[in-house]
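Residue numbers start at 1 and run along the sequence shown. Only this structure's heavy atoms are used, side chains among them; waters, hydrogens and symmetry mates stay out.
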Amino acid sequence: TYVPTNMLDGDPATAWAVNLDNASYDDDKLYSPVFTLRCRKLSHIIIHNGYAKSQEAYSNNARALRIIICNANNVSDEDETAFFLFNGSLNDTPEWQTLRIEQNLAFNNDIRKIQLIFPVDGLKKGSKWNDLCISEVEFYGYE
């Protein structure tokens, strides 16, 4: 019931969840599913961190304190960092957060695939469960 489409359903009471004890990490990073978009440039992303169903659900579950947003159009293992559109912090709050994307970045063009990356050292465990949750994500760009 904590499937990736929950991040796109417009309902902060649902979430995508990954059990961090059983997650598959690559170079100390956890990768989200790939999102398919169609825009010329990405302007910003709005994210609802954690499980925003209630304050209790938020506190009980793990959440991200750091996030990397990657243009995954043509990314390969050797040059992944060249495609980073955002690499920064998230607030430890169940409120909406806006992440602005620099417009002059070399790879902020012809956006077709976006991936969220969560560095392991930027994850905060929940008080009850070790499930990373993201309730919502919205992408804004230019046609």
Side-chain angles (χ1 to χ4, degrees), residues 1-39 41-103 105-142:
T1 59
Y2 300 100
V3 295
T5 54
N6 286 351
M7 289 187 281
L8 304 170
D9 66 2
D11 183 2
T14 65
W16 167 66
V18 174
N19 183 301
L20 297 175
D21 295 326
N22 300 323
S24 178
Y25 298 97
D26 186 7
D27 292 329
D28 293 329
K29 295 182 204 110
L30 178 67
Y31 290 78
S32 78
V34 173
F35 297 91
T36 301
L37 305 176
R38 185 178 182 104
C39 67
K41 284 187 172 284
L42 202 58
S43 159
H44 62 284
I45 293 174
I46 299 176
I47 190 167
H48 216 142
N49 192 15
Y51 191 8
K53 181 178 181 179
S54 66
Q55 183 60 48
E56 181 181 23
Y58 184 82
S59 298
N60 283 342
N61 288 281
R63 52 243 182 228
L65 300 180
R66 289 191 43 225
I67 190 170
I68 298 167
I69 300 166
C70 182
N71 179 343
N73 287 2
N74 301 306
V75 71
S76 66
D77 291 339
E78 296 82 35
D79 58 5
E80 175 186 81
T81 59
F83 295 92
F84 287 0
L85 297 173
F86 182 91
N87 184 356
S89 299
L90 289 173
N91 297 324
D92 189 11
T93 175
E95 304 301 320
W96 291 100
Q97 299 176 56
T98 301
L99 309 176
R100 302 265 174 222
I101 308 300
E102 292 290 328
Q103 295 303 294
L105 292 173
F107 294 102
N108 188 8
N109 58 51
D110 191 31
I111 306 294
R112 300 288 180 243
K113 297 178 183 177
I114 292 291
Q115 190 160 41
L116 310 179
I117 304 170
F118 303 99
V120 173
D121 63 357
L123 301 175
K124 183 173 182 177
K125 288 188 174 191
S127 60
K128 193 169 185 180
W129 294 290
N130 198 24
D131 296 328
L132 171 65
C133 296
I134 302 294
S135 289
E136 289 295 316
V137 64
E138 296 177 3
F139 302 96
Y140 293 86
Y142 305 101

Under the criterion side-chain contact (heavy atoms from CB on, under 4.5 Å), I'd like the reasoning laid out for Thr93 against Asn49: C-alpha separation, chi angles, the key distance, then a yes or no. CA-CA 7 Å; Thr93 175; Asn49 192 15; over 6 Å; no
Please report the C-alpha distance between Asn108 and Gln103 in whole Å, then the side-chain angles of each, then the deciding distance to 0.1 Å, and finally whether the side-chain contact (heavy atoms from CB on, under 4.5 Å) criterion is met. CA-CA 7 Å; Asn108 188 8; Gln103 295 303 294; 3.8 Å; yes
Go through the steps for Ile69 and Ile117 under the test side-chain contact (heavy atoms from CB on, under 4.5 Å), then give the verdict. CA-CA 6 Å; Ile69 300 166; Ile117 304 170; over 6 Å; no
Starting from the C-alpha separation in whole Å, work towards a yes-or-no answer on side-chain contact (heavy atoms from CB on, under 4.5 Å) for Phe118 and Leu132. CA-CA 10 Å; Phe118 303 99; Leu132 171 65; 4.0 Å; yes
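A donor-acceptor distance shorter than 3.5 angstrom exists from the side chain of Ser32 to the backbone of Leu116, with no hydrogens or angles considered. For the pair Gln97 (side chain) and Asn91 (backbone), a donor-acceptor distance under 3.5 Å is present. Side chain of His48 to backbone of Pro94: a donor-acceptor contact under 3.5 angstrom is found. Judged purely by atom type and a 3.5 angstrom limit, Glu136 uses its side chain to pair as donor or acceptor with the backbone of Gly10.
To the nearest 0.5 Å, the span separating SG on Cys133 from NZ on Lys53 amounts to 11.0 Å. Taking NZ from Lys41 and CG from Asn71, the interatomic distance works out to 11.0 Å, rounded to the nearest 0.5 Å. The distance from the CD1 atom of Ile111 to the OG1 atom of Thr36 is 12.5 Å, given to the nearest 0.5 Å.
Annotation: side chain to side chain donor-acceptor pair (under 3.5 Å) contacts involving residues 1-11, sequence neighbours excluded, comprise Asp9-Thr14. Counting only residues at least two apart or on different chains, the side chain to side chain donor-acceptor pair (under 3.5 Å) pairs with a member in residues 116-133 are Asn19-Asp131, Asp21-Asn130, Asn60-Ser127, Arg66-Asp121, Asp92-Lys124.
Annotation: side chain of Asp26 is in contact with side chain of Tyr31 (closest heavy-atom distance under 4.5 Å). Side-chain contact between Val137 and Ile46 is absent, with no heavy atoms from C-beta onward closer than 4.5 Å. By the 4.5 Å heavy-atom criterion applied to side chains, Phe139 and Leu42 are counted as neighbours. Put simply, the side chain of Ile45 does not reach to within 4.5 Å of the side chain of Thr98, judged on heavy atoms.
Among all heavy-atom pairs drawn from Tyr51 and Ala15, the shortest one is CD1-CB, 3.6 Å. Closest heavy-atom contact between Leu30 and Ser24: CD1-O, 3.8 Å. Of all non-hydrogen atoms in Met7 and Pro33, the two that sit nearest each other are CE-CD, 4.3 Å. Arg63 approaches Gly126 most closely through the heavy-atom pair NH1-CA, 4.2 Å. In this structure, Phe84 and Leu105 approach most closely via the heavy-atom pair O-CD1, 4.1 Å. Closest heavy-atom contact between Gly50 and Tyr58: CA-CE1, 3.8 Å.
Heavy-atom neighbours of Lys113 NZ from other residues, nucleotides or ligands within 6.0 Å: at or below the threshold of 12. Within 6.0 Å of CD in Glu56 there are 12 or fewer heavy atoms belonging to other residues, nucleotides or ligands. Heavy-atom contacts from other residues, nucleotides or ligands closer than 6.0 Å to CD of Glu138 number more than 12.
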